[in-house]
Amino acid sequence: MVRKDTSDGVKAVLGPTNTGKTHLAIERLCAHSSGMIGFPLRLLAREVYDRVCKIKGESNVALITGEERIEPKNARYLLCTVEAMPVTDRQTAFVAIDEAQLGADRERGHVFTDRLLHARGREETMILGSSALEPMVKALIPGVEVITRPRFSTLSHVAPKKLSRVPPRSAIVAFSVEQVYALAEMLRRFRGGAAVVMGALSPQTRNAQVELYQSGEVDYLVATDAVGMGLNLDVQHVAFAGLAKYDGQRHRRLTSAEMAQIAGRAGRHQTDGTFGTLAGMHRGGRGGEEIEFEPEEVYAIEEHRFPPQTKLFWRDPEPRFDSLDTLIADLETPPDRPELRLAPEAIDLAVLKRLAEDPEIVDSVRGRARVERFWDVCRLPDFRQQGTETHSRFVARLWQDLRHGELGADFVAQQIAHLDRTGGEIDTLQGRIAAIRSWAYIAQRPDWVLARDEMAARARAVEARLSDALHGKLTERFINRRTALLMKKLGPDTGLLSVRLEDEEVLVEGEHIGSLRGFAFQIDPQTRLTDRKLLLSAAEKHLPGLLEARAAELTKAIHEGTATLELTGTAITWDGEPLGALGAGRSLLAPVFVPDRLLDAIPAPARKDLVAALEVWLEKQLEPLAPLGKLEEASRSEEAGPDLRALLILLIERGGILAREQSGLEKLDKERRTMLARLGVRVGALDLFVPAMLRPRPINLWRELARLAGKAPRGGTPDETMPPALAAGKRDRLPGYRSLGKQLIRIDMAEKLLREAHTQREEAAKAPTPPAATTEAPSETAARPAQDQPDTADVQTSADTAAPAGDTAAEAAEAPAEAITEAPAKDVPQATEAKGGKGKGKAKGKDRGRDKGRGRGPRPSFPLDPARAISMGLTPESYERLLRLGGFQPVEPRGKPARDDKAPEAPIEGETAAAETATAKTDAAQGPAPTQRWTWRPPRRQAPQQAPSRRPTRPREGNAFAALADMVR
């Protein structure tokens, strides 16, 4: 490009925003054999570069900016930022300058003014800008052709709106980073989020944020006034969060032209747009007056009538480099044309003057080449926006290396690698991006860095990674994709939403909104309170279909037997999620299934099928209680009779286990006893029980059903292994066990031991009786009447509990029950009951005399082998107590004092070894203990007590002993 101020072929295309000026410039560029356009933003230059590449091919198009240079060897079309437009003797057929009205900008205006005056194309030159630039163009470029283009759409002012009422496809403009963040956060809560555009963002991050808005993923854009320059967006409304900004020197109100530049983003092509302010925004804080446009400002924006520009900033574009003083003097020389005025001190001139005060630096800048190189270093843009002082120090450090030549590749690579970190918050990432942009600018200079191309590529790669990380942070913080999606699509078209289920996660249009556990929809716990209403609304509209499909799958799995259902207590669960519970039915064994309220959301047909399948499954789960079900059915039969019916009902209410003395068994006749046996009830010496109910599963089921029926089963949860014997401790009411003092024995095992004892008794009766057995007198314990036997009431198990399963229970069920009831009269003589508390010895003699009088001798004694009991884990004391409960009485040898009626206590745990040794010595001195022998008589059943007669009983006649017994009685 040759600097010349001729006006041949210069056209000024002026007009407001949305007039197609840039589009026209691109068409004219492509119509020429070569061309160049200068843009105010790197972002806009990149956007147009991509468009021209599609038309002319990448090999013919170059992108030249401060931080990025893509220059094919034979490039004929150049897309540049205004500052990076090559000022050489190279000529192109077409040249255009976009947004030329920026010649009035305090920081960059002198650059635009220079291009306006001197950038010319060989065949055509085009100046693009606002209509306010027309007087300056005509004054500075004589003979220029001015073309005014009208706006394609209208722009209208509307009343202030609250942020929650701002319509979709709107841009909200603020003038501080803090305000941008606050507005974006509120929009995230109300509308799902917003894209964020600020001047401090890298072009790549800004593009990514704009794409979020343009693609429709979010409906709102929060931006600073940077949105007003070169961004073509589908905005329908622009809302101003403020009408004043800090311009670097003071806080001032925007001019009407600046307001129009921003408001003009509303409306695209022929789509009308609106602008207004946010309600509730105040001047100078909360107590100030609400911001609002003045009537004249509204008129100017709507009619596109603004005060014409009367001055443009200028600075000598070709200063002399004889010395630093000469350079500074030329840069501060005022223009000689009245339309121009000297530009305010920009950052590059401020840095130059600041460093010119340093003697060391002044000494290093000698000669024209050094001064020019130093000026190039001072013109490094302040991407970090940290002010003159900080930027001056960075430039000074850079000059220390550049004054001796080029920067080493290792040094530049180290600086770039130090910034290649994607962690941190938004502000941290913005600082790193600004720093890497400085190094990208440095690496682009042809004479500053060794291995220029490699270092430039590294810097661009790091900037791209940091920009992606920043975009991710902005999106994570200010965009709730789920809420934005639902806000857009909830309504008449919700049936068109794509809803699917992946691993129990509910996705709407690919966005996770919650989880489906069983048939319960759970909102994502990370969801904000303001989002819950939206999510529930979406769930109500779209979940029935998913629930119906899930219910059909579960129903099929139940019928096939593959469903993972569990009955825990009275609750039915599927993979831990509730489906329903048991409810009280017509009887204890007939509960009803009560579906959980969660199933109400399932459509009726699928719900009915599922409930029916669950009821069938529940019947199978209650099959362990089938033996009790047989008893319940028999209790309703007329053949059972009242006594058997009462016994069966009592057995059901006690879980199939009932102490014999509480059963009323003696009231049943032979036919009813036969019915009882056919029903599977075993009649033992101590208990009546259903063997199938001595298992953990049936016991637990019955206990839950008993609670459900309003009964309170006593005892604890049965042991899963159900061993034959257990230490008692606090478990004296453990279901299915009988207490033996310090130990518990399973009911069926107790009956098995008693049956074995009766077998040994019968075998001993058939063998010849040893003389000692007939001469021994029964011990006092053996002669005691039934009333003095250990009370069975305090050692019975709870009638409403139960016991184990296993081979031992099945083995016990195979033996005949009546074998251990009452011994035949021919084998065992019936003892006569003794009365009274004193005269026990007389009672013994009387009994012996009675036996002799009847021709009967003393009861035969016999030994019992405790091996089976010990193998079950019983101690001798517990075994003896069990035998006593079954009617067996120990016989003491002659000459030995009678044993205490109480069974001896088991050794206390922790007893000293010395005591045990002493006991062993004593036993050895006395010799081996004689074999324990036993007698048996049936335990007397308590007869119903009768009221005593007032009249004395007449003495019997013919028997003196009987008369004496009657008198004693």
May I ask you to decide if R403's main-chain N or O and R370's side chain share a donor-acceptor pair within less than 3.5 Å?
yes

Quick check: does any side chain N or O of E68 sit under 3.5 Å from a backbone N or O of T65, one acting as donor and the other as acceptor?
no

Would you call D316 and T333 a side-chain contact if the rule is heavy atoms closer than 4.5 Å?
no

Any idea how W399 and F374 line up, ring-wise: parallel (<30°), tilted (30 to 60°), or perpendicular (>60°)?
perpendicular

Under 3.5 Å donor-acceptor, T326 side chain and F321 backbone
no

Between R320 (side chain only) and L327 (backbone N and O only), is there a donor and an acceptor less than 3.5 Å apart?
no

From K21 atom NZ to L128 atom CG, the distance as rounded to the nearest 0.5 Å:
7.5 Å

Once side chain to side chain donor-acceptor pair (under 3.5 Å) is applied, do any residues pair with R51, and if so which ones, sequence neighbours excluded?
H23

Can you tell me how far the CE atom of M259 sits from the CG atom of D225, to the nearest 0.5 Å?
12.0 Å

Decide side chain to side chain contact (heavy atoms under 4.5 Å, CB included) for I127 and V144; before the verdict, give the C-alpha distance in whole Å, the side-chain angles of both, and the deciding distance to 0.1 Å.
CA-CA 10 Å; I127 307 297; V144 64; 5.7 Å; no

Check this for me: does any side-chain nitrogen of one of R108 and E99 sit under 4.0 Å from a carboxylate oxygen of the other?
no

Would you say the side-chain atoms of R373 pair up with the backbone N or O of L402, donor to acceptor, closer than 3.5 Å?
yes

Nearest heavy-atom approach of I172 to A241 is CG2-CB, 4.5 Å

Output, in order, the C-alpha distance, side-chain angles, deciding distance and verdict of side chain to side chain contact (heavy atoms under 4.5 Å, CB included) for H471 and T205.
CA-CA 6 Å; H471 172 64; T205 305; 4.3 Å; yes

With rounding to the nearest 0.5 angstrom, report the CD to OG distance, Q261 to S256.
12.0 Å

Interatomic distance, D376 atom CG to R445 atom CZ [nearest 0.5 angstrom]:
4.5 Å

Do F478 and Y181 make the cut of ring centroids closer than 6.0 angstrom?
yes

Just one of T81, L102, V111, D105 clears the side chain to side chain contact (heavy atoms under 4.5 Å, CB included) bar with P40, so which one?
L102

Among I433, L470, D468, find the residue that satisfies the side chain to side chain contact (heavy atoms under 4.5 Å, CB included) test when tested with Q204.
D468

Gap between atom CD1 of I97 and atom OG1 of T125 - 0.5 Å precision
8.0 Å

Looking at Q101, is its backbone amide N or carbonyl O close enough to the side chain of Q309 to form a donor-acceptor pair, meaning the two atoms are under 3.5 Å apart?
yes

Of all heavy-atom pairs linking G38 and V82, the shortest is C-CG2, 3.8 Å

Quick check: do D322 and V371 have side-chain heavy atoms less than 4.5 Å from each other?
no

Does the distance from a Lys or Arg side-chain N to an Asp or Glu carboxylate O, for D50 and R46, drop under 4.0 Å?
yes

Check step by step if side chain to side chain contact (heavy atoms under 4.5 Å, CB included) holds for Y220 and V222.
CA-CA 7 Å; Y220 299 90; V222 182; 5.6 Å; no

Report yes if the side chains of L24 and R149 come closer than 4.5 Å at any heavy-atom pair, otherwise no.
yes

With side chains defined as the heavy atoms from C-beta onward, is the minimum distance between L349 and R315 less than 4.5 Å?
yes

As a quick check of understanding, evaluate side chain to side chain contact (heavy atoms under 4.5 Å, CB included) for Y213 and V235, giving each step before the final call.
CA-CA 9 Å; Y213 177 82; V235 175; 3.7 Å; yes

Take atom CD of E389 as the centre, draw a 6.0 Å sphere, and report whether it contains more than 12 heavy atoms from other residues, nucleotides or ligands.
yes

Taking C-beta and beyond as the side chain, do L312 and L140 meet within less than 4.5 Å on heavy atoms?
yes

A195 and Q209 have their tightest heavy-atom pair at CB-O, 3.2 Å

Below 4.0 angstrom, N of the basic side chain to O of the carboxylate: do R379 and E83 qualify?
no

Does E454 pair with R458 as a salt bridge, N-O distance under 4.0 Å?
yes

Residue pair E318 / H118, side-chain heavy-atom distance below 4.5 Å:
no

Counting only heavy atoms not in E58, do more than 12 fall under 6.0 Å of its CD?
no

Out of curiosity, T22 OG1 to M126 CE, how far, rounded to the nearest 0.5 Å?
10.5 Å

Are the side chain of T390 and the backbone of G387 linked by a donor-acceptor contact shorter than 3.5 Å?
no

Mind telling me whether F240 and F175 have parallel, tilted or perpendicular rings, with 30° and 60° as the class edges?
parallel

Check: G66 main-chain N/O paired with R69 side-chain donor or acceptor under 3.5 Å
no

I want to check something: taking the side chain as every heavy atom from C-beta on, are L41 and R206 in contact at a cut-off of under 4.5 Å?
yes

Salt bridge flag under 4.0 Å for residues R460 and E67:
no

Decide whether H391 and Q386 meet the rule of one side-chain donor and one side-chain acceptor closer than 3.5 Å.
no

Indicate yes or no for a side-chain donor-acceptor contact from R106 to the backbone of F313 under 3.5 Å, with no hydrogens or angles considered.
no

Looking at S34 and R122, what are the two nearest heavy atoms and their distance?
OG-NH2, 4.2 Å

Salt bridge D358-R354, side-chain N to carboxylate O under 4.0 Å:
no

Taking the side chain from Y49 and the backbone from I64, do they hold a donor-acceptor pair closer than 3.5 Å?
no

Taking every heavy atom of D234 against every heavy atom of Q214, the minimum-distance pair comes out as N-OE1, 3.0 Å

In chain order, what residues pass the side chain to side chain donor-acceptor pair (under 3.5 Å) check against D410, with sequence neighbours excluded?
none

Could you pull out the closest heavy-atom pair between W314 and P335, with the gap in Å?
CE3-CB, 3.3 Å

